[in-house]
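Notes to accompany the following structure.
Chain identifiers are assigned alphabetically (A, B, ...) following the order of the sequence lines, protein sequences preceding nucleic acid strands; residue numbering begins at 1 within each chain.
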Number of protein chains: 2
Amino acid sequence: MKPEKESSEKNISTEEKIKSAARIVFHQKGFAAARTRDIAEEAGINLALLNYYFRSKEKLFNIVMLETFQDFFSSIFSVFNDVDTSLEEKIEKFASNYIDLLFREPEIPLFIVNEIRNNVGELMDKINIRNSVFNSEFVKQYNKAIKEGRIRNLSFQHFMMNFMGLLIFPFIAKPLFKEINGLSDVQFNKVIEERKQLIPVWLKSIMTV
Amino acid sequence: MKPEKESSEKNISTEEKIKSAARIVFHQKGFAAARTRDIAEEAGINLALLNYYFRSKEKLFNIVMLETFQDFFSSIFSVFNDVDTSLEEKIEKFASNYIDLLFREPEIPLFIVNEIRNNVGELMDKINIRNSVFNSEFVKQYNKAIKEGRIRNLSFQHFMMNFMGLLIFPFIAKPLFKEINGLSDVQFNKVIEERKQLIPVWLKSIMTV
DNA sequence: AATTTTTTTAATCATTTGATTAACCAAATA
DNA sequence: TATTTGGTTAATCAAATGATTAAAAAAATT
């Protein structure tokens, strides 16, 4: 009666349908505001199938959350651990790639920071971002550049906050920025597109002040 | 039977008790996850009183939301419209004041960016941030400085995104930053405290690149 | 003090919502 | 083809939750 085997046979179809529907709805509304019926409707399946495949709303949510995290952070580290690029190149590439990612999935940052509050420990351990960050090629290059006096002695914490803040915050506060500046979606995107080039320049000037 | 008169008599006591409890709970959990029973318990009152004074959860929420907005943005404009300070001084003062505000009420930014998605238009009109921003002394000084060539010709949109991003994002992503950098609350606050000084310096260097 | 009005409470209602069940269907297997 | 296994559905359940009600208590008014 119960589907215990890992991704067996062809029921992957409906199972995957539910999961990607859940992804959409959870990202959009968060855990509390998302109803299992919303997800079922989005997936075009009977409500009972959600529980049949995933046992509970919470279990489904945890899966979506974990996968979202992994997707989101793995895309970061692919750039950060490239051994063939300089620090400056990594910053440029990362800014560009990250903004493209945010164009594709603009709700993810808000989703992550929201649901991390109710979770924190358990989830973070599974991914172990801490080590991934500090063992990355990027951090090594960053520290080397400081030691060689090429950039200012600014703690990596500040650098990370700045980089993330400049990149992500406009997406998080998009409705606010649009309203305040009277921008259409197209105009907003154009402003963000400009930031692909600008943020690396700004970061460089910050690091050499 | 119904309390129609505006803030009459002394029922301000319980009415205010409910409202500030609602503020706490809504800020912490958002509209969907907050239960009226949570609010009643937080306020130490009978559940029915919530509906007696505020008709519905939604009406109560709208009041909290509006007041939160007004508080939050009024504290911005008090600095922005001071005619006795220079552009540079305003930036310094604003960074400092705003970070203090965020220390006191760290959940507000996330609350605002979350709940604004379901509201935007109606609410923004009531406050009319758009005009408040563009008629502010700060923007006038900003544009003047550009015209005089004292700072780079950077659109105010970018400047605002940068300023807000550098200030607010660390609070929004606090659990993430704490985890990644292995910081205690005290250590995190110390890093933020440093940013009071640093952000104005960074902004200046960005604007003169 | 008596009466009216306002505030508070416990009990209850109605709806929403996550989850289950039993019957039915479909596909694989024998 | 018959049988078993897995997938799907409609109906239903139970708990949670926003809201109401009627009675009691407290406060204000006469």
Side-chain angles (χ1 to χ4, degrees), chain A residues 1-66 111 114-115 118-119, chain B residues 1-65 114-115 118-119:
Chain A
M1 277 285 184
K2 291 168 191 174
E4 295 296 345
K5 308 160 201 165
E6 288 297 310
S7 64
S8 61
E9 282 109 59
K10 72 161 187 67
N11 61 357
I12 291 167
S13 178
T14 38
E15 189 174 340
E16 209 58 40
K17 243 194 290 177
I18 294 170
K19 203 155 72 178
S20 59
R23 200 181 153 96
I24 291 169
V25 176
F26 280 137
H27 282 187
Q28 218 165 68
K29 305 190 171 187
F31 178 78
R35 296 173 306 149
T36 53
R37 281 165 175 84
D38 295 333
I39 297 170
E41 192 185 8
E42 175 76 34
I45 53 99
N46 187 289
L47 173 60
L49 288 177
L50 190 151
N51 295 93
Y52 178 73
Y53 282 104
F54 296 96
R55 310 282 308 183
S56 72
K57 179 190 178 185
E58 209 171 343
K59 291 229 171 62
L60 175 56
F61 178 78
N62 284 334
I63 291 171
V64 168
M65 180 113 173
L66 188 63
F111 171 79
N114 266 315
E115 309 302 340
N118 321 319
N119 230 302
Chain B
M1 275 286 186
K2 289 166 191 174
E4 292 298 344
K5 309 160 200 166
E6 289 296 310
S7 63
S8 61
E9 283 109 57
K10 72 161 189 65
N11 61 356
I12 291 166
S13 180
T14 39
E15 190 175 338
E16 210 57 41
K17 244 193 290 178
I18 295 171
K19 203 156 71 180
S20 57
R23 198 181 154 97
I24 291 170
V25 175
F26 281 137
H27 283 187
Q28 218 163 69
K29 307 191 172 185
F31 178 78
R35 295 172 306 148
T36 52
R37 283 165 173 82
D38 295 334
I39 297 171
E41 193 185 10
E42 175 76 33
I45 52 100
N46 188 289
L47 173 60
L49 288 177
L50 190 151
N51 294 91
Y52 178 71
Y53 282 105
F54 296 95
R55 311 282 307 183
S56 72
K57 179 189 179 185
E58 210 171 341
K59 290 229 171 62
L60 175 55
F61 177 79
N62 285 334
I63 291 171
V64 167
M65 180 112 172
N114 266 316
E115 309 298 339
N118 321 317
N119 234 303

Figure out the CD/P separation between A:E15 and D:dT8, and round it to whole Å. 11 Å
So which protein nitrogen or oxygen atoms get under 3.5 Å of nucleotides 16-18 of chain C's nitrogens or oxygens?
from, atom 1, to, atom 2, distance (Å)
C:dT17, OP2, A:R35, NH1, 2.5
C:dG18, OP1, A:K57, NZ, 3.3
C:dG18, OP2, A:T36, N, 2.8
C:dG18, OP2, A:T36, OG1, 2.7
C:dG18, N7, A:R37, NH1, 2.8
C:dG18, O6, A:R37, NH2, 3.3

Using whole Å, what does the distance between atom P of nucleotide D:dT20 and atom CZ of B:R55 come to? 7 Å
Could you give the CD1-to-P distance, from A:I39 to C:dA19, as a whole number of Å? 10 Å
Below 3.5 Å, can you tabulate the donor-acceptor pairs from side chains in residues 27-34 of chain A to any protein atom, sequence neighbours excluded?
from, atom 1, to, atom 2, distance (Å)
A:H27, NE2, A:T68, OG1, 3.0
A:K29, NZ, A:D38, OD2, 3.3

If only side-chain N and O atoms of A:Y52 are considered, is one of them under 4.0 Å from the OP1 or OP2 phosphate oxygen of D:dT8? no
Using whole Å, what does the distance between atom P of nucleotide C:dT6 and atom CG of B:L49 come to? 16 Å
Please report the closest heavy-atom contact between B:R23 and B:V64, naming both atoms and the distance. CA-CG1, 3.8 Å
Tell me: CG of A:N46 to C1' of C:dA19, nearest whole Å? 12 Å
With rounding to the nearest 0.5 angstrom, report the CG to CD1 distance, A:N46 to A:I18. 9.5 Å
Difference in axis direction between the ends of the helix from C:dA1-D:dT30 to C:dA30-D:dT1, five pairs, 10°: 0°
Is there a side-chain contact between A:F26 and A:L60 (heavy atoms, below 4.5 Å)? yes
State, to 0.1 Å, how close B:K17 and B:I45 come at their nearest heavy-atom pair, and which atoms those are. NZ-CG2, 4.3 Å
Once you round to the nearest 0.5 Å, how far does OG1 of A:T36 lie from CZ of A:F54? 13.0 Å
Rounding to an integer number of Å, can you tell me how far B:L60 CG sits from D:dT17 P? 17 Å
Gap between atoms NZ and P, on B:K59 and D:dG18 respectively (whole Å): 15 Å
Between B:T14 and C:dT8, is there a contact of a side-chain N or O with OP1 or OP2 at under 4.0 Å? yes
Rounding to a whole Å, what distance do you find between A:L50:CG and D:dA10:C1'? 16 Å
With sequence neighbours left out, what residues match B:S56 under side-chain contact (heavy atoms from CB on, under 4.5 Å)? B:E58, B:K59
Identify, with sequence neighbours excluded, every residue that meets side-chain contact (heavy atoms from CB on, under 4.5 Å) alongside A:L66. A:Q70, A:L123, A:K126, A:I127
Using the test side-chain hydrogen bond (donor to acceptor under 3.5 Å, both in side chains), find all partners of A:K57 that sit at least two apart in sequence or belong to another chain. none
